[in-house]
Structures are given as structure tokens and as C-alpha cells.
2 protein chains.
Amino acid sequence: MKSYHHGNLKKELLTCALKMCERDGYTKLSIRSLAKESNVSQTAPYRHFKTKEELYAAVATEGFNKLYKVMSKSKSQDHKKNLISSGKEYINFGLKNSNTYDLMFGTAIADFTKYPTLFISANKLYQHLRSAVANHSNEKDQDRIDEKSIDTWAKIHGLVGLLRKLQAVPSKVLKIPDTPIVAINKISKDLDGYLERFIEKI
Amino acid sequence: MKSYHHGNLKKELLTCALKMCERDGYTKLSIRSLAKESNVSQTAPYRHFKTKEELYAAVATEGFNKLYKVMSKSKSQDHKKNLISSGKEYINFGLKNSNTYDLMFGTAIADFTKYPTLFISANKLYQHLRSAVANHSNEKDQDRIDEKSIDTWAKIHGLVGLLRKLQAVPSKVLKIPDTPIVAINKISKDLDGYLERFIEKI
DNA sequence: TTATTATGTTTACACTGCAAACATTAGTTT
DNA sequence: AAACTAATGTTTGCAGTGTAAACATAATAA
């Protein structure tokens with residue numbers, strides 16, 4: 001006779017959800033498939049996540065925490081180095097954890113403020129970016145620092161989106177001229193150089 | 001006795017899908033709801049769209065065509081004016097047609113090259129952007145023009161994403177400091193000024 | 001010990017994508 | 001004109017989905 005109650009189902013569901021999300025994409029992550037993969041009844045997850053969006057929010061929160069961790073690894077005295085390292089880690093995360101990335105920065109969760117822990121994790125990440133930008137530039141005006149930070153984020157986020165399109169595309173498409181794919185492929189091949197120029201323009 | 005065959009169902013399904021997508025978001029756009037709203041049997045759309053993704057692709061294609069249209073309106077001799085106009089139209093489209101925008105630039109359709117008409121429409125838009133950038137800058141090196149084009153798109157796309165987050169958020173959140181929302185709100189209030197500075201940095 | 005609460009299961013409903021079998025119409029060939 | 005074929009519609013059916021409601025059991029508080 002197996003034990004009726006589980007004990008730490010919530011944590012197990014969450015780690016399982018993270019794995020499934022990354023493996024199959026968040027659109028395939030269903031509450032029922034999650035339950036099945038966790039060997040628990042179909043509707044058991046509802047005791048821990050009131051809606052599917054709440055599950056999404058939990059997965060996204062983990063994503064922000066992970067991303068924060070890798071982005072704040074570099075603690076050099078050279079601020080430029082830190083910024084470049086953060087940028088690389090960001091891109092790497094976006095490409096390696098692309099499905100979780102979608103959840104974090106897509107529109108599946110419309111309003112972050114409905115999920116306080118998610119909101120906090122996302123803001124912490126922004127604060128990291130902002131101080132990296134502030135340290136690197138010699139800007140003092142707070143509004144300009146904000147603007148530069150948003151600029152930087154927007155650009156690198158857009159870049160991740162394009163690099164992912166590049167990954168998705170069949171390789172023979174790379175030879176079709178007059179296509180953004182060709183352009184993004186060139187950047188992809190010299191990402192370090194690109195990032196150098198990127199940083200200079202901040 | 002009502003007519004069995006419809007005649008131009010495909011076109012009607014498409015316009016209906018566009019409307020529904022914009023109204024409810026593409027995640028709510030189902031083949032069955034589309035059939036119902038078009039007063040036709042549940043599975044009738046399958047005669048015209050083999051899969052749901054094919055329907056998505058058709059909607060996205062229309063989106064690219066529309067966006068191309070508004071972005072290529074401005075035909076001034078002043079290339080800077082054209083570029084700014086295109087940028088504004090892009091942002092406006094992204095904010096007003098945000099659900100279609102998701103379909104166009106999100107990950108719902110993984111590989112554009114599977115849908116030739118979509119691929120062509122998207123490329124046409126890129127070509128417009130690229131020539132606008134080329135005309136504005138005095139850059140001659142083709143690779144640098146490509147890079148500037150990608151840069152420009154990435155940044156403005158990221159900006160649209162952030163402006164949308166701003167729209168989604170309850171207004172009292174605007175007062176919480178140390179939040180990207182505050183920063184993006186400042187940009188939003190002076191979008192023209194922002195775009196001026198934006199263009200200068202291309 | 002008993003009452004309450006947290007957490008699990010079962011059942012049920014309305015919805016989804018899509019395949020298969022069937023019906024009707026339009027277009028083409030004889 | 002008649003007959004065959006292809007295109008386009010309907011009906012039926014299956015497996016999967018989110019989530020609400022009723023029920024069962026275990027952990028905790030009184």
C-alpha cells in the first residue's frame with residue numbers, strides 16, 4: 001500500500017515542470033502531463049498551482065533566478081569585462097534554455113505583478129543589468145542610465161530572438177541572399193566582435 | 001435549403017481568423033471556434049488549412065503585408081524622416097496589433113521557411129528596413145549595413161516588447177521604483193525624443 | 001480525542017487538434 | 001448530355017486539455 005500523501009510534491013512538480021518546459025516547450029507543458037510525469041493523479045497539481053498560469057509563473061521565476069546567477073558571476077574590477085560577460089551569459093541562456101526564455105520574456109504571462117515572487121526576481125535581474133550599464137558608462141544622469149539600460153536590454157533580447165530563428169532554420173536557407181538570416185548568421189559567426197561594437201555604442 | 005458549398009470560404013476564414021486573433025490573442029484562436037464564428041462545420045477549415053500552424057502562418061503573412069504597407073508609406077527625400085516614420089509605424093503596429101505581432105515575431109511558428117509566402121513577406125519587410133537604414137547611414141560596407149539593420153530591428157522589437165509590458169501593468173505599479181517599468185514609462189512619454197536619439201546611434 | 005485543515009483522488013464537463021468516412025458540388029472527359 | 005474525378009463540405013470519433021466539484025485521507029490544532 002503506497003503512501004497517499006506525498007510530502008514535498010510542490011517542489012517535485014516544479015523541478016519536473018522546469019525539465020518538461022525545457023524539453024518540450026511551455027506550450028506542451030500541461031498540468032495533466034506534469035501530473036503523469038510526477039506519478040500523481042491528474043488534478044493533484046491544482047493543490048499547489050491554482051491555474052496553469054501560476055505554474056508558468058513559478059517556472060519563469062526559477063528561470064529569472066538562474067539567469068541572475070550566471071549573469072552576476074563575473075565580478076571583475078573591469079566593468080567592461082563584467083558587462084560583456086553578462087551579455088554573453090544572457091545570450092547563452094536564451095539559446096540553451098529557449099523554451100523557459102519564452103516564458104520569461106514572452107506574453108504567456110501577461111501581468112507579472114500578479115505574481116509577486118516573479119516580479120521580484122525579474123526586477124532583481126533588471127537591477128543587475130542597470131548597475132552593470134551604469135558602472136560601464138560614465139553617465140551620471142539617472143534617466144539616461146535608465147534609457148541606456150532599456151536600450152541594452154531591448155537590443156540583446158532582440159538579438160537572442162534572431163539567433164534563435166537562425167537555429168530553427170534549415171541550413172540550406174543560409175545561402176538564400178537578401179534575407180535577415182544571412183545577416184544574423186554573420187553576426188553569429190563573430191559574436192565576440194559584435195559584442196565589442198555593441199558595448200561601445202551603449 | 002441552404003447552399004452546401006460556400007464558394008470563397010478560405011478568404012472568409014482568413015479574415016475571420018485575423019479578427020479573432022487580434023480580438024482574443026492567437027492562443028485563443030482555435031480551428032473549431034473559427035469554424036463556429038464562420039458558421040461552418042467544425043472541421044471545414046481543414047480543407048483550407050492542413051494544420052493549425054498553417055492557419056497561424058496565413059494570419060502572420062497578412063500581418064507582415066499590413067506592416068510593410070504602413071512602413072513604406074513615407075516616401076520623403078529626407079531619409080531620416082523615412083526611417084523615423086517607419087519606426088513609429090512599427091511601434092504603433094506592435095502596440096495596436098499586439099496579438100498578431102506575437103504570431104509574426106514569436107515562436108508559435110518555429111520555421112518560417114516551411115511557409116514560402118510567409119517567408120517572402122517577412123523578407124520583404126526586412127528589405128525595406130535594410131534599405132531605409134542604408135539610405136540613412138553613409139555606410140557602404142554591405143556587412144556593416146546588415147549589422148546595423150539587425151541592430152535596429154532588434155532594438156525596436158525589444159522596445160515594443162517592453163512597451164507592451166507597460167500597457168499590461170496596473171497603473172499603480174508605475175510608482176514602484178527600481179523597476180524597468182518606470183524606465184520604460186519615461187521612454188514612452190517621450191517616444192519622439194527617444195527615437196531621435198535612437199536614430200543618431202545607428 | 002476530536003475538529004479542522006491540507007493535500008491527495010475520482011468524476012465530470014466543455015473544449016481542443018485532427019483523422020476517417022461520408023455527402024455534395026464543380027469541373028473535366030467522353 | 002452523361003459519367004467520371006477532384007474539390008470542398010459534414011458527421012463522427014478519439015485522445016488530450018483546463019479546471020470545477022465531490023470525496024478520501026493524512027497531518028495538525030483544539
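These numbers come from the heavy atoms of this one structure, side chains and all, not from hydrogens, waters or symmetry mates. Throughout, protein chains are lettered first and strands after them, A, B, ... in sequence-line order, and every chain is numbered starting at 1.
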**Atom-pair distance (CD on B/E54; P on C/dC18), nearest Å** = 10 Å

**Under 4.0 angstrom between A/S41 side-chain N/O and C/dT10 OP1 or OP2** = no

**Request:** Look at B/T43 and D/dT10 and indicate whether a side-chain polar atom (N or O) is within less than 4.0 Å of OP1 or OP2.
**Result:** no

**Asked** How many Å lie between OH on A/Y46 and P on D/dT19, as a whole number?
**Response** 4 Å

**Asked** For DNA chain C, whose closest nucleotide is more 5', that of A/N8 or that of B/I31?
**Response** A/N8

**Nearest-Å distance for atom pair CD/P, residues B/Q42 and D/dA15** = 17 Å

**Prompt:** Do B/R197 and B/D190 meet the salt-bridge criterion of a basic N to acidic O distance under 4.0 Å?
**Reply:** yes

**Prompt:** What integer distance in Å separates B/K28:NZ from C/dG17:C1'?
**Reply:** 16 Å

**Check ion pair B/E37-B/R32 (N to O, under 4.0 angstrom)** = no

**Request:** Give one of base, sugar-phosphate or nothing for A/T51, where a contact means two heavy atoms less than 4.0 Å apart.
**Result:** sugar-phosphate

**Asked** Which of these nucleotides, D/dA21, D/dT17, C/dT7, is closest to any side-chain atom of A/R47?
**Response** C/dT7

**Asked** Has the side chain of B/K148 got a donor or acceptor atom that lies under 3.5 Å from a matching backbone atom of B/I202?
**Response** yes

**Spacing between A/K36 atom NZ and D/dG16 atom C1', to the nearest angstrom** = 9 Å

**side chain to side chain contact (heavy atoms under 4.5 Å, CB included) assessment of A/V59 paired with A/Y26** = CA-CA 9 Å; A/V59 173; A/Y26 77 89; over 6 Å; no

**Item:** Whole-Å gap separating P (D/dA26) and CG (A/L9)
**Value:** 16 Å

**Request:** Would you kindly give the CG-to-P distance between B/N39 and D/dG9, to the nearest whole Å?
**Result:** 13 Å

**Message:** Counting only side-chain heavy atoms from C-beta out, which of D/dT12, C/dT9, D/dG18 sits nearest to A/A44?
**Reply:** C/dT9

**Request:** Please say which of B/F105, B/F93, B/Y90 ends up in a ring-ring contact (aromatic ring centres under 6.0 Å, His included) with B/H157.
**Result:** B/F105

**Asked** Taking only side-chain nitrogens and oxygens of A/H48, does any of them come within less than 4.0 Å of OP1 or OP2 of C/dA6?
**Response** no

**Request:** Send over the distance from B/K52 NZ to D/dG16 C1', rounded to a whole Å.
**Result:** 13 Å

